[in-house]
S.K.: 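What follows is a structure written as structure tokens; I'll ask about it next.
Positions are given from 1 along the sequence. Just so you know, these numbers use all the heavy atoms, side chains as well, and skip hydrogens, waters and symmetry mates.
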Amino acid sequence: MMNTNVRIPQGDETIKLELTLKEAMALAGIKFHNNHDIEISAKKKLNHLIEDQYIEEHRTMN
């Protein structure tokens, strides 16, 4: 059995992300068939925030 535990320092800290209501709905699984860009925009914002947070944590640790 493969061990899938990932250790994330300060992983329980809260973060804040500003999304439109539609972007939040898209991340929650609501499909906007006429506008896939909503989900893409939300995921980009989330990924940028996670990357920025991850990079900042590694800078302070090193």
S.K.: Nearest 0.5 Å, what's the CD1-CG distance between I15 and L49?
M.R.: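 Nearest 0.5 Å value for the CD1-CG distance: 4.0 Å.
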S.K.: Sequence neighbours left out, what passes side chain to side chain contact (heavy atoms under 4.5 Å, CB included) with L21? Give chain and number order.
M.R.: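 L21: side chain to side chain contact (heavy atoms under 4.5 Å, CB included) contacts with M25.
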S.K.: Of all heavy-atom pairs between A26 and I38, which one has the smallest distance, and what is that distance?
M.R.: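 So the minimum-distance heavy-atom pair works out to CB-CG2, 4.0 Å.
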S.K.: Not counting sequence neighbours, which residues clear salt bridge (Lys or Arg N to Asp or Glu O under 4.0 Å) with K43? List them please.
M.R.: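 Result, salt bridge (Lys or Arg N to Asp or Glu O under 4.0 Å) vs K43: E39.
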S.K.: Donor-acceptor pairs under 3.5 Å, side chain of residues 27-35 to any protein atom, not counting sequence neighbours: which ones?
M.R.:
unit_1: N35; atom_1: OD1; unit_2: D37; atom_2: N; d: 3.2

S.K.: Under the side-chain hydrogen bond (donor to acceptor under 3.5 Å, both in side chains) rule, collect the residues that match up with K45, sequence neighbours excluded.
M.R.: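 For K45 the side-chain hydrogen bond (donor to acceptor under 3.5 Å, both in side chains) partners, ignoring immediate neighbours, are E23.
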